[in-house]
Amino acid sequence: MNSILTEDMGTITHVIEFEDNRLLPELFGEHDKNLVRIEAQLGITLINRGNQVAMTGSKDGVALAEEGLNRLYSRLRSGESLEDADIDAALRMVGQPTDLFGQQEPIIRTRRRQISPRTPLQAEYVDLIRGNDLVFGIGPAGTGKTYLAVCMAVSMMLSGQVEKMILSRPAVEAGERLGFLPGDMKEKVDPYLRPIYDALYDTLPADQVSRKLENGEIEVAPLAFMRGRTLKNAFVLLDEAQNTTAMQMKMFLTRLGENSRMVVTGDLSQIDLPPGQISGLAEAVQTLSGIKGIGMTRFTSADVVRHPLVSKIVQAYDARDAAKAGGKPA
């Protein structure tokens with residue numbers, strides 16, 4: 001793509017040209033909504049002129065817009081589609097190596113979707129999962145820590161790197177005592193494991209999920225079912241780990257067997273354990289930090305990739321908690 005640059009009293013106008021006109025309707029969005037979204041975030045002006053975009057504003061803002069548009073265009077050229085969140089992601093990923101977003105080969109390949117990270121920390125997290133036997137993903141809701149872990153589990157199983165997936169959560173709301181709930185064991189635990197199922201169905205056709213659940217290639221079970229096992233040749237995910245006790249966390253971590261990958265995710269601001277009980281995740285993070293072979297990613301509100309309000313909600317609660325910790329009124 002070609003570009004033209006002019007400058008006038010600190011404001012620059014930069015024109016970039018795209019080669020494939022067929023991709024431009026999706027790149028610009030209906031009624032140029034994608035360009036409008038970029039304008040609002042960067043405080044610049046974008047004007048669509050056929051296969052060109054004229055960008056006017058500060059030098060930094062124009063540079064960010066150019067790299068963001070180039071990443072989105074590369075994403076379209078690789079056969080992927082664009083959603084609103086991808087526009088925001090392209091701007092967040094500016095300055096990162098291009099193989100982290102908008103690359104020819106997607107960073108995670110599954111049967112139903114090709115997934116790219118949407119923030120630098122998400123990219124770091126995926127790289128840590130690839131390169132370490134044990135990884136902790138810690139942070140607020142909406143940062144993709146569980147979703148990306150399930151996507152990596154599916155990808156590694158499809159490529160033959162592991163033979164099975166074991167996906168688990170502590171059923172704190174039932175106190176791990178599920179006998180009083182109606183139905184068989186699957187029906188008892190399914191409500192607590194729904195987010196994991198949602199990620200599975202987003203990465204694999206429904207019939208394949210059902211078949212792999214039936215033949216044991218995918219196992220979804222409450223944490224209590226891990227006791228006494230050695231988990232070999234498997235990708236093992238423990239979600240909502242902030243609700244484990246210290247004993248449960250130690251039990252789970254010591255299940256790691258030969259040729260297995262283990263990911264532990266949780267949000268330390270949403271602990272549902274009884275008052276006075278220490279979170280196994282909090283203790284593990286403190287105890288295991290710095291050990292070679294263990295990776296840790298600490299997500300923040302800046303990594304929230306759900307509705308934009310979710311990030312603002314997380315920031316508001318963080319500010320309230322910080323004020324309380326400092327003895328100030330929230």
Side-chain angles (χ1 to χ4, degrees), residues 129 132-138 145-146 149-150 152-154 156-157 161-200 209 212-268 270-289 291 293-296:
I129 293 174
N132 294 271
D133 291 335
L134 173 60
V135 173
F136 289 85
I138 308 152
K145 55 190 183 295
T146 300
V150 174
M152 282 296 295
V154 170
M156 291 181 69
M157 187 175 68
Q161 293 174 264
V162 295
E163 295 177 358
K164 65 183 299 185
M165 300 162 51
I166 301 173
L167 311 172
S168 184
R169 294 180 94 187
V172 167
E173 294 88 344
E176 295 284 6
R177 296 183 294 274
L178 302 168
F180 67 89
L181 294 173
D184 59 21
M185 183 52 64
K186 182 177 184 300
E187 292 171 327
K188 293 175 192 290
V189 302
D190 272 0
Y192 305 101
L193 303 170
R194 191 73 258 166
I196 292 176
Y197 280 117
D198 290 343
L200 282 175
V209 173
K212 292 180 184 299
L213 285 167
E214 289 173 4
N215 65 23
E217 288 182 80
I218 299 176
E219 179 181 348
V220 186
L223 176 60
F225 283 37
M226 300 297 108
R227 192 174 301 278
R229 302 176 60 182
T230 300
L231 308 174
K232 299 180 180 179
N233 300 311
F235 189 109
V236 190
L237 168 64
L238 176 60
D239 190 32
E240 297 289 344
Q242 75 275 4
N243 289 326
T244 61
T245 65
M247 185 180 299
Q248 287 173 328
M249 178 60 75
K250 182 179 178 181
M251 176 275 292
F252 177 78
L253 295 177
T254 54
R255 301 308 95 197
L256 185 63
E258 184 179 354
N259 190 41
S260 284
R261 198 68 48 93
M262 184 175 280
V263 177
V264 178
T265 64
D267 179 358
L268 290 172
Q270 295 191 23
I271 298 173
D272 297 319
L273 293 169
Q277 194 160 44
I278 297 174
S279 165
L281 177 60
E283 184 180 80
V285 168
Q286 184 177 18
T287 303
L288 304 177
S289 292
I291 296 179
I294 299 178
M296 292 195 184

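Side-chain atoms are counted along with the backbone in the values below, which use heavy atoms only and exclude waters and symmetry mates.
Proximity of a side-chain donor or acceptor of S260 to a complementary backbone N or O of L231 within less than 3.5 Å is detected. Using a distance-only test at 3.5 Å, with no hydrogens or angles considered, a donor-acceptor pair links the side chain of R255 to the main chain of R229. The backbone N or O of Q270 lies less than 3.5 Å from a partner atom in the side chain of Q242, making a donor-acceptor pair. Listed for the N243 side chain is a donor-acceptor partner under 3.5 Å among the backbone atoms of D272. Under the 3.5 Å distance criterion, the side-chain polar atoms of R261 are matched with a main-chain donor or acceptor of N132. Judged by distance alone, the side chain of S168 and the main-chain N or O of A221 form a donor-acceptor pair under 3.5 Å.
The distance from the CD1 atom of I196 to the OG1 atom of T265 is 7.5 Å, given to the nearest 0.5 Å. Taking NZ of K212 as the start and CD1 of I218 as the end, the distance is 6.5 Å to the nearest 0.5 Å. In this structure, the separation between OG1 on T245 and CG on L223 is 8.0 Å, given to the nearest 0.5 Å. Atom-to-atom distance recorded for T244:OG1 and I278:CD1 is 11.5 Å, nearest 0.5 angstrom. Note that CE of M226 and CD1 of I166 are 6.0 Å apart. Values are rounded to the nearest 0.5 Å. Remark: L281 CG to E240 CD distance equals 10.0 Å, nearest 0.5 Å.
None of I294, L288, L253, I138 except one satisfies the side-chain contact (heavy atoms from CB on, under 4.5 Å) rule with V264; the exception is L253. With respect to V150, the side-chain contact (heavy atoms from CB on, under 4.5 Å) criterion is satisfied by exactly one of D239, D198, L200: L200.
Closest heavy-atom contact between M165 and M157: SD-CE, 3.6 Å. For the residue pair F252 and L237, the shortest heavy atom distance occurs at CZ-C, 4.4 Å. The minimum heavy-atom distance between M249 and A284, with the atom names listed, is CG-CB, 3.8 Å. Of all the heavy atoms in E283 and A246, the pair that sits closest is OE1-CB, 3.1 Å. Between I271 and S279, the shortest heavy-atom contact is CD1-CB, 3.7 Å. Taking both residues in full, the closest heavy atoms of F235 and A153 are given as CD2-CB, 3.3 Å, listed atom of the first, atom of the second, then distance.
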Would L134 and I291 count as a side chain to side chain contact (heavy atoms under 4.5 Å, CB included) here? Give the steps.
CA-CA 10 Å; L134 173 60; I291 296 179; over 6 Å; no
